[in-house]
J.: 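My questions will all concern the structure given below.
Here the structure is a predicted model, which means the values were calculated and not measured. Letters A, B, ... are given to chains in the order of the sequence lines, protein chains preceding strands, and every chain is numbered from 1.
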2 protein chains.
Amino acid sequence: LVKMVDVTKTFQMGEVEVRALAGVSLDIFAGEMVVMVGPSGSGKTTILNIVGGLDSASSGDVYYRDIDLAGMSDRELTRYRRNEVGFVFQFYNLVPNLTALENVLVATELVREPMDAHEVLDLVGLADRADHFPAQLSGGEQQRVAIARAIAKNPELVLCDEPTGALDYRTGKSVLGLLVRLKRELGKTIVVITHNAEIGHIADRVVRLSSGAIVELVANERP
Amino acid sequence: LVKMVDVTKTFQMGEVEVRALAGVSLDIFAGEMVVMVGPSGSGKTTILNIVGGLDSASSGDVYYRDIDLAGMSDRELTRYRRNEVGFVFQFYNLVPNLTALENVLVATELVREPMDAHEVLDLVGLADRADHFPAQLSGGEQQRVAIARAIAKNPELVLCDEPTGALDYRTGKSVLGLLVRLKRELGKTIVVITHNAEIGHIADRVVRLSSGAIVELVANERP
Ligand SMILES: Nc1ncnc2c1ncn2[C@@H]1O[C@H](COP(=O)(O)OP(=O)(O)OP(=O)(O)O)[C@@H](O)[C@H]1O
Ligand SMILES: Nc1ncnc2c1ncn2[C@@H]1O[C@H](COP(=O)(O)OP(=O)(O)OP(=O)(O)O)[C@@H](O)[C@H]1O
Ligand SMILES: [Mg+2]
Ligand SMILES: [Mg+2]
């Protein structure tokens with residue numbers, strides 16, 4: 001579904017160059033769950049941002065269904081980000097002056113076949129927090145609104161940057177169960193960045209990053 | 001050092017009342033490390049905000065060295081927050097247009113005996129990220145700046161809301177080692193909210209929250 005070929009990413013910091021990605025090649029197959037792990041600063045979020053069309057590679061190619069993202073017009077890239085990708089950000093990025101429900105609704109506005117906003121909030125256990133603003137939600141509640149907003153769009157590709165970072169064991173487990181159901185019942189492709197080792201066990205493959213390069217790729221026998 | 005007596009906290013949401021804390025009594029002893037655990041939404045951040053003087057109780061009393069926080073003038077409360085408390089926020093709350101180094105420096109400006117800003121950034125492994133702005137830092141790097149900023153003030157009380165949430169195992173372990181050293185070598189009092197079970201093992205006591213009340217309090221034999 002997604003193909004990264006020899007992707008590098010360099011950030012220019014005045015005179016200093018930060019090599020965030022040092023040549024990453026990775027295939028992501030339709031309907032699989034890939035987990036990305038690695039130390040803080042190793043390039044995981046950078047990869048996800050490039051795959052999700054939020055950032056561009058400095059060199060190398062990224063293909064979605066064999067279409068080169070770098071060759072897309074702004075309109076095509078916008079449609080890609082809106083319809084094909086559901087992104088759960090590491091810092092949630094909720095709209096502060098919209099309620100939890102409104103945050104989910106605005107994300108699904110121009111999408112072809114969204115899920116029902118109330119139902120999705122219920123799926124993440126927040127049915128009774130629909131009218132709270134982000135500032136009136138706990139950390140874990142904000143994270144779950146970010147998750148609900150991404151999956152309500154009903155996208156092909158669900159990209160999750162540390163989706164259980166702020167969640168206790170039980171809530172985290174139920175969120176993971178939700179992601180697994182999206183994969184198995186709806187055939188979605190899920191990429192999860194996590195520091196939580198448990199998530200690795202349920203994935204089809206685990207990709208380990210270090211200093212901007214893939215150092216290990218493990219396929220799980222029976223996830 | 002800190003005493004909470006029958007503290008409640010209710011948030012008014014139009015016609016609905018959210019009972020975030022339902023009567024919490026807790027003593028925090030000088031020089032100990034207390035870990036707070038519990039499900040998402042159970043009231044952990046609310047307790048920390050009240051102890052840190054960032055929020056007030058709806059009823060009940062909170063004492064720091066036998067002084068009632070509710071009785072403090074605004075000036076005294078400001079001095080309490082600035083000098084006595086180092087706060088690592090669940091969402092880091094870094095100043096977006098200041099570099100990592102500047103974020104640490106502004107926190108130590110009016111403090112009596114701060115640590116050296118460069119040294120503290122080095123302690124959290126970010127010596128070579130001092131000139132990056134928050135937007136140019138990975139999630140885990142931002143979290144470490146938030147930690148550096150809190151401990152650089154050299155406060156009596158270090159309050160940490162999920163300080164390792166965005167960190168991989170090794171980086172998280174080194175941050176915890178740092179907190180333990182602050183306690184053992186400098187006699188600081190540390191309160192840590194976490195979903196990481198490992199942190200519970202190094203604490204002197206573990207407090208478990210559920211629905212705004214303490215449901216369990218365990219003292220570790222040999223932390
Ligand atoms: N806009 C930017 N400008 C400069 N450097 C950047 C920028 N964004 C990221 N970096 C650097 O690139 C490296 C990789 O960052 P990235 O966010 O991908 O790490 P990560 O693996 O997601 O880490 P974490 O687990 O801490 O979230 C980091 O060392 C970071 O400092
Ligand atoms: N300003 C507010 N207005 C209304 N309700 C609030 C407000 N702040 C918090 N709450 C509610 O109070 C409860 C406790 O919140 P708190 O942030 O203390 O939880 P927490 O234990 O830190 O959770 P998490 O592990 O998810 O961070 C939550 O159910 C939340 O929805
Ligand atoms: Mg990241
Ligand atoms: Mg919290």
J.: Under a 4.5 Å heavy-atom cut-off, does chain A meet the side chain of B:Val18, its backbone, both or neither?
T.: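 For B:Val18, the contact with chain A is made by the side chain alone.
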
J.: Keeping B:Asp168 on the side-chain end and A:His195 on the backbone end, is there a donor-acceptor pair under 3.5 Å?
T.: no

J.: Return yes when atom CG of B:Asn97 has more than 12 non-hydrogen atoms of other residues, nucleotides or ligands closer than 6.0 Å, and no otherwise.
T.: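 For B:Asn97, atom CG is crowded (more than 12 foreign heavy atoms under 6.0 Å).
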
J.: Examine whether an atom of B:Asn196 lies under 4.5 Å from a heavy atom of chain A, and if so say whether it belongs to the side chain, the backbone or both; otherwise answer neither.
T.: neither

J.: Report which part of A:Gln143 has an atom under 4.5 Å of a heavy atom belonging to chain B: side chain, backbone, both, or neither.
T.: neither

J.: Could you have a look at A:Thr171, A:Thr45, A:Leu167, A:Thr194 and say which one has the most heavy-atom pairs with chain B under 4.5 angstrom?
T.: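 Heavy-atom pairs under 4.5 Å are most numerous for A:Leu167.
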
J.: Give me the one residue out of A:Arg170, A:Gln142, A:Glu141 that meets side chain to side chain contact (heavy atoms under 4.5 Å, CB included) with B:Ser40.
T.: A:Glu141

J.: Please identify, among B:Met13, B:Lys44, B:Arg144, B:Gln90, the residue contributing the most non-hydrogen atom pairs under 4.5 Å to chain A.
T.: B:Met13

J.: With only heavy atoms counted, which part of A:Phe11 is less than 4.5 Å from chain B, the side chain, the backbone, both or neither?
T.: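 Contact with chain B is absent: no heavy atom of A:Phe11 under 4.5 Å.
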
